[in-house]
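These notes are about the structure you will find just below.
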Amino acid sequence: MGASVVRQRRSAALSRKSWVGAMIHSSPARFALLVFTALILLWTALLSLPFASADGKMTPLVDALFTAVSAICVTGLSTLDMSTHWSLFGEIVVLAGLQIGGIGVLTLASILGLTVTRRLGLRQRLLAAGDTNPMRMGRDVSESQAVGLGEIGGLLGAVALSVVVIEGVLTLLITPRLMVAGYDFWHALWNGFYLAASAFTNTGFVPLSGGLDHFDTDVYLLSILAIGVFLGAIGFPVIFALYRYVIGGGWRVHKRLGLHAKLTLTTTIIFVIFGWLAIAALEWNNQATLGNQNFWQTMFSSVYMSIMTRSGGLGIIDPLDMNGSTLLVMDMLMFVGGGSASTAGGIKVTTIAVLFLAAYAEARGYKDVQAFGRSIPNEVLRVSVSILIWGATIVLAATVAIMHMTGESLDIVLFEVISAFGTCGLSSNLSADLPDAGKYVLAATMWAGRVGTVTLAAAIAATSRSRLFRLPEERPIVG
């Protein structure tokens, strides 16, 4: 009888394993979405527990859900005071959530798939490759992708190693500064690690009472946070490529950076410089923000805020004090976000780079989109256009809904919605004042922004459809 029960249990376990394995093989993107959503629901339940809050009371469901989505989606928006509302258990749950979200749902799903199937099959390699280059998600993968299929195992190891090393170094650099500010060693170490994780994962949660108000002119601490945000925003594939090139014998083995790394670094630097100069120029005479600072403080504060629009969210200037023109510039920067397969959100810098390169090629009469001596396939352009359209549609729908609910002005609502979609976390303080329905809308916007429009489309499509025929061509008039 005992042997029969054991056989039944083994059969049930194998059945569950085969079911999960079949789901991973049939639709890895959908499996990733299920894992991601399940994590949000689990974190919502944990944050709703009475001992997760400092006062021992249950956190309202809408606030627990909003915080869970914001943590897992590494956004940083909050409807509660993050420095006082949560107990130590609640802070640990939030910190664990942003770490998982920072690593990325696609990489996480790849690791789960490896655990279930005991091997990294072709589908899982395509999934992880899709995380390194989302523009090729669900399509045939060739040698032109950012990281080759044979290097996926190394990429997964690099993800874990980069998280440990970078956050560890940032913690060691931040902790002494907090001790100088008056924190004892253990509080300084905990808050230092929290800030390091929040910076590298581009979340933007601040555990300190009063946020960063006491450090708004602290060049040392803000520089460390900015470096952490920048490293997180360029993405794991670029960190992996830079490691191979600089440290891993790159000058012998890898004589050049790949196209993805070059596009990401070049476009990111261009946007940081553009944001730096625009914010400095537009806020130069604004006494509520940069107008009362000297030249060097103004230049530092503006470049810091520009880097934070990559998706960092660790702001030092209240957006409500900024000019409307500055908010619009920051809207554009947050909408673009950071690099693909990074802890940043937005439509990604490679997407906007491909669109600009396509416009340039069209203006010059080139048939191919080219960059750094390479030709970019037309399918990448089509996906880039899709990402832009779907991203703009999500932002527009959420903005209209929240404006109707609250009656707030367009600039304030648009800033909060784009910050949610771009998982940035810079806030106009609208989130806490939203009605419950508005919080759910903003939470859904964060979810859509983090998951990514291409992954979302790939998950919704049950199978790829191909036609055995082509319709006759006819060109409409455009422009």
Side-chain angles (χ1 to χ4, degrees), residues 53-54 67 70-71 74 76-78 80-96 98-99 102 163-233 288-290 292-321 343 424-427 429 432:
S53 63
T67 305
S70 188
V74 292
L77 293 178
S78 177
L80 303 166
D81 189 341
M82 297 298 293
S83 64
T84 60
H85 179 80
W86 303 109
S87 64
L88 178 60
F89 173 79
E91 288 187 345
I92 293 175
V93 171
V94 171
L95 188 58
L98 63 91
Q99 291 282 34
V163 170
V164 172
V165 172
I166 294 176
E167 290 186 3
V169 172
L170 292 175
T171 301
L172 292 177
L173 294 174
I174 294 173
T175 300
R177 180 63 189 90
L178 296 181
M179 293 178 65
V180 172
Y183 291 86
D184 63 75
F185 174 76
W186 293 112
H187 281 88
L189 181 63
W190 170 252
N191 289 323
F193 174 64
Y194 197 119
L195 282 174
S198 186
F200 181 63
T201 60
N202 279 212
T203 304
F205 284 142
V206 180
L208 308 176
S209 179
L212 294 175
D213 291 347
H214 300 298
F215 303 95
D216 58 354
T217 58
D218 192 313
V219 175
Y220 175 79
L221 179 62
L222 297 182
S223 296
I224 294 173
L225 296 178
I227 292 173
V229 168
F230 182 85
L231 290 175
T289 56
L290 304 180
N292 59 354
Q293 297 182 357
N294 61 41
F295 175 81
W296 296 113
Q297 286 179 331
T298 297
M299 299 307 291
F300 176 79
S301 297
S302 57
V303 71
Y304 176 85
M305 289 299 296
S306 178
I307 293 175
M308 289 304 112
T309 60
R310 298 299 85 218
S311 191
L314 297 169
I316 56 174
I317 301 175
D318 189 346
L320 293 177
D321 294 330
T343 55
C424 183
L426 294 175
S427 178
N429 301 322

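Only heavy atoms go into these numbers, but all of them, side chains included; no hydrogens, no water, no symmetry mates.
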Between the main-chain N or O of [Y] and the side-chain N or O of [X], is there a donor-acceptor pair closer than 3.5 Å?
{"X": "Ser427", "Y": "Leu77", "answer": "no"}
{"X": "Ser53", "Y": "Trp86", "answer": "no"}
{"X": "Thr289", "Y": "Asp321", "answer": "no"}
{"X": "Ser83", "Y": "Pro207", "answer": "no"}
{"X": "Ser301", "Y": "Thr298", "answer": "no"}

- Task: Applying side-chain contact (heavy atoms from CB on, under 4.5 Å), run through Phe215 and Leu314 and close with a yes or a no.
- Result: CA-CA 11 Å; Phe215 303 95; Leu314 297 169; over 6 Å; no
Between atom [atom1] of [X] and atom [atom2] of [Y], what is the distance when rounded to the nearest 0.5 Å?
{"X": "Gln99", "Y": "Ser198", "atom1": "CD", "atom2": "OG", "answer": "10.0 Å"}
{"X": "Asn191", "Y": "Leu178", "atom1": "CG", "atom2": "CG", "answer": "6.5 Å"}
{"X": "Ile227", "Y": "Leu222", "atom1": "CD1", "atom2": "CG", "answer": "11.5 Å"}
{"X": "Phe205", "Y": "Leu98", "atom1": "CZ", "atom2": "CG", "answer": "7.5 Å"}
{"X": "Ile92", "Y": "Leu88", "atom1": "CD1", "atom2": "CG", "answer": "4.0 Å"}
{"X": "Ile316", "Y": "Met308", "atom1": "CD1", "atom2": "CE", "answer": "8.5 Å"}

- Item | Qualifying residues under side chain to side chain contact (heavy atoms under 4.5 Å, CB included), relative to Trp186, sequence neighbours excluded |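 With neighbours one apart ignored, the set is Asp184, Leu189.
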- Task: State, to 0.1 Å, how close Ala197 and Leu95 come at their nearest heavy-atom pair, and which atoms those are.
- Result: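 It is CB-CD1, 3.7 Å.
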- Task: Grab the two heavy atoms, one from Leu212 and one from Gly315, that are nearest each other, plus how far apart they are.
- Result: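 Result for this residue pair: CD1-O, 4.1 Å.
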- Message: For Trp190 and Tyr194, take the angle between the two ring planes, folded into 0 to 90°, and tell me which bin it lands in: parallel under 30, tilted 30 to 60, perpendicular over 60.
- Response: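 Judged by the thresholds at 30° and 60°, the geometry between Trp190 and Tyr194 is perpendicular.
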Determine whether [X] and [Y] make a side-chain contact, defined as any pair of heavy atoms from C-beta on separated by less than 4.5 Å.
{"X": "Val206", "Y": "Met82", "value": "no"}
{"X": "Leu290", "Y": "Ile317", "value": "yes"}
{"X": "Ile174", "Y": "Leu225", "value": "yes"}

- Kindly determine whether Leu208 and Leu195 satisfy side-chain contact (heavy atoms from CB on, under 4.5 Å), including the steps that lead there. CA-CA 9 Å; Leu208 308 176; Leu195 282 174; 4.1 Å; yes
- Just do the side-chain contact (heavy atoms from CB on, under 4.5 Å) check on Thr201 and Glu167 with the steps written out, would you? CA-CA 9 Å; Thr201 60; Glu167 290 186 3; 3.8 Å; yes
- Task: Could you name each residue pair satisfying side-chain hydrogen bond (donor to acceptor under 3.5 Å, both in side chains) that touches residues 205-218, not counting sequence neighbours?
- Result: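 Residue pairs passing side-chain hydrogen bond (donor to acceptor under 3.5 Å, both in side chains), neighbours aside: Arg177-Asp218.
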- What pairs of residues pass the side-chain hydrogen bond (donor to acceptor under 3.5 Å, both in side chains) test when at least one of them lies in residues 304-319, not counting sequence neighbours?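 Every side-chain hydrogen bond (donor to acceptor under 3.5 Å, both in side chains) pair that includes a residue of residues 304-319, provided the two are not neighbours, is Ser311-Thr423.
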- Would Val303 and Met299 count as a side-chain contact (heavy atoms from CB on, under 4.5 Å) if you check the C-alpha gap in whole Å, the side-chain angles of each, and the deciding distance to 0.1 Å? CA-CA 6 Å; Val303 71; Met299 299 307 291; over 6 Å; no
